[in-house]
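Below is one structure, written out as structure tokens; comments come after it.
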Protein chains: 2
Amino acid sequence: MKFTSDDFAKELKSKNIRLSHQRLKVLEYLSENKCHPTVDQIYTSLHKEIPTLSKTTVYSTLSALADAGMVKSINIEDNEIRYDITVEDHGHFKCESCGAIFDFPADMSRLESEVLSGFKIRDKNVYFKGTCPMCLANKN
Amino acid sequence: MKFTSDDFAKELKSKNIRLSHQRLKVLEYLSENKCHPTVDQIYTSLHKEIPTLSKTTVYSTLSALADAGMVKSINIEDNEIRYDITVEDHGHFKCESCGAIFDFPADMSRLESEVLSGFKIRDKNVYFKGTCPMCLANKN
DNA sequence: TACAAAGTTGTATTGATTACAATATAATAA
DNA sequence: TTATTATATTGTAATCAATACAACTTTGTA
């Protein structure tokens, strides 16, 4: 699905988030780079286009977009947060050899347990780790 | 299930991990505190018994035990790692109001997807977030 | 066009985690 | 038991993602 700046602008307005050049650029970047980038990757790339961009802005923008449900933070690594513009439920697999993160369909409703009746669930994450087929092949 | 120091000593030996006072104490602490403690909580508590204990030791011990599969690290929070002596597959629910982490049964084999055929899966994590029944009740 | 509220910037800080060298301990063999 | 060697522990210093904050800028609205 391809989004235009205009689509993002409308969505921001509908969520009562002010429109800003920086926010549009972050959304645009995430929609064109679905590799689950880190804050630093997003900042470094956008900084080329927007020399005045501050890393603090990238942090606060992503935080605001995540609060509004427009992006999802991925904590598959202990040391840095990654972001995903795909907010629909799905699992993430991290290859511990090459570092790549893969999406896979994951029906999280199947994980519902009677133990959680009475709990209000706001967010669900499924993180798998291991080795991807390419890295498995390269070992041989 | 109740473990004795002797059980832990045998398990360490079978995994070719050297026996040390500190390692036994960390295992003992985790088996008595299944609340998914942070490194700092483990350190602070054990430091009272073992005044010479270093935080670096707690980090390296937990890292070694996790590598050996004797404990599991929980990255449900972005800012600090928690540890669990229950290594069998199960989900974790974090209450965003009181901070408590709850275990729940999660049949992760149901998440297997044909997309992951060809991947070697080493580790599976299911993290849910929201509000626990007690905190929901307190709001009213 | 003017104003108030909110966003952006840059710098300084925080705080969990790691690196590393010196010291101490555990496992093994004589 | 004792000696030896490899590994663990300790304490300090460093790293680095993330946050706090104050000054400045921009946005949305009247």
Side-chain angles (χ1 to χ4, degrees), chain A residues 5-6 8-27 29 36-68 70-71 73-83 99, chain B residues 5-6 8-27 29 36-68 70-71 73-83 99:
Chain A
S5 265
D6 219 46
F8 289 133
K10 278 178 194 152
E11 195 171 355
L12 286 169
K13 183 146 200 170
S14 79
K15 306 233 173 182
N16 280 316
I17 300 180
R18 276 203 185 175
L19 191 62
S20 79
H21 183 55
Q22 291 86 341
R23 284 173 181 172
L24 281 178
K25 283 297 179 184
V26 167
L27 284 168
Y29 181 86
H36 319 92
T38 63
V39 171
D40 196 65
Q41 287 170 335
I42 299 168
Y43 167 75
T44 301
S45 182
L46 291 181
H47 185 66
K48 291 170 192 160
E49 282 186 71
I50 317 169
T52 58
L53 183 66
S54 163
K55 200 177 246 186
T56 301
T57 300
V58 180
Y59 275 105
S60 75
T61 294
L62 289 164
S63 175
L65 296 175
D67 286 346
M70 288 181 69
V71 304
S73 70
I74 302 174
N75 288 3
I76 200 168
E77 287 167 296
D78 49 324
N79 63 332
E80 59 186 347
I81 305 179
R82 292 173 173 274
Y83 285 91
Chain B
S5 265
D6 218 47
F8 289 133
K10 277 179 196 153
E11 195 171 355
L12 286 169
K13 181 145 202 170
S14 79
K15 306 233 172 182
N16 280 315
I17 300 180
R18 276 203 185 175
L19 189 63
S20 78
H21 183 55
Q22 291 85 342
R23 285 173 180 172
L24 282 179
K25 282 298 178 185
V26 167
L27 284 168
Y29 182 85
H36 318 93
T38 63
V39 171
D40 197 65
Q41 286 170 337
I42 299 167
Y43 167 74
T44 301
S45 181
L46 291 181
H47 185 66
K48 290 170 192 159
E49 283 186 71
I50 316 170
T52 58
L53 183 66
S54 163
K55 202 178 246 188
T56 301
T57 300
V58 180
Y59 273 104
S60 75
T61 294
L62 289 165
S63 175
L65 296 176
D67 286 347
M70 288 182 68
V71 304
S73 70
I74 302 174
N75 289 1
I76 199 168
E77 287 168 295
D78 49 323
N79 63 331
E80 58 186 349
I81 306 179
R82 292 173 173 275
Y83 285 90

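Convention: sequence-line order gives letters A, B, ...; per-chain numbering from 1.
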### Task
Return the value, rounded to whole Å, for the distance between atom CD1 of A:Ile81 and atom C1' of C:dA16.
13 Å
### Query
Is the distance from OP1 or OP2 of D:dT9 to the nearest side-chain N or O of B:Ser54 less than 4.0 Å?
no
#### Entry: Whole-Å gap separating C1' (C:dA24) and CD1 (B:Ile50)
15 Å
### Task
Whole angstrom is fine here: how far is it from CG in A:Leu62 over to P in C:dT8?
11 Å
### Message
Does A:Lys13, at its NZ atom, have more than 12 non-hydrogen atoms belonging to other residues, nucleotides or ligands within less than 6.0 Å?
### Response
no
### Query
Would one find a side-chain N or O of B:Arg18 under 4.0 angstrom from OP1 or OP2 of D:dA6?
no
#### Entry: N/O donor-acceptor pair under 3.5 Å between A:Arg23 side chain and A:Arg18 backbone
yes
### Task
With heavy atoms under 4.0 Å as the rule, sort B:Thr38 into base, sugar-phosphate or nothing.
nothing
### Message
I'd like to know if the side chain of B:Ser63 and the backbone of B:Tyr59 have a donor-acceptor N/O pair within less than 3.5 Å.
### Response
no
#### Entry: For atom OH of B:Tyr59 and atom P of D:dT10, their distance in whole Å
15 Å
### Task
Return the value, rounded to whole Å, for the distance between atom CG of A:Leu12 and atom P of C:dA6.
16 Å
### Query
So what does B:Thr56 hit on the nucleic acid, given a heavy-atom distance under 4.0 Å: a base, only sugar-phosphate, or nothing?
base
### Message
For B:Ile74, is there any backbone N or O sitting under 3.5 Å from a side-chain donor or acceptor partner on B:Arg82?
### Response
no
### Task
Take the protein atom CD of A:Gln22 and the nucleotide atom P of C:dG7, then report the distance between them rounded to whole Å.
11 Å
### Task
With heavy atoms under 4.0 Å as the rule, sort B:Thr57 into base, sugar-phosphate or nothing.
base
### Message
Whole angstroms only, please: what is the CZ-C1' distance between B:Arg23 and D:dT9?
### Response
9 Å
### Short side-chain to backbone donor-acceptor contact, B:Ser14 and B:Glu11, under 3.5 Å
yes
### Query
Mapping B:Ser20 and B:Lys55 onto DNA chain C by nearest heavy atom, which one lands closer to the 5' end?
B:Lys55
### Task
Mind calculating the distance between NE2 (A:His47) and P (C:dG10) to the nearest angstrom?
8 Å
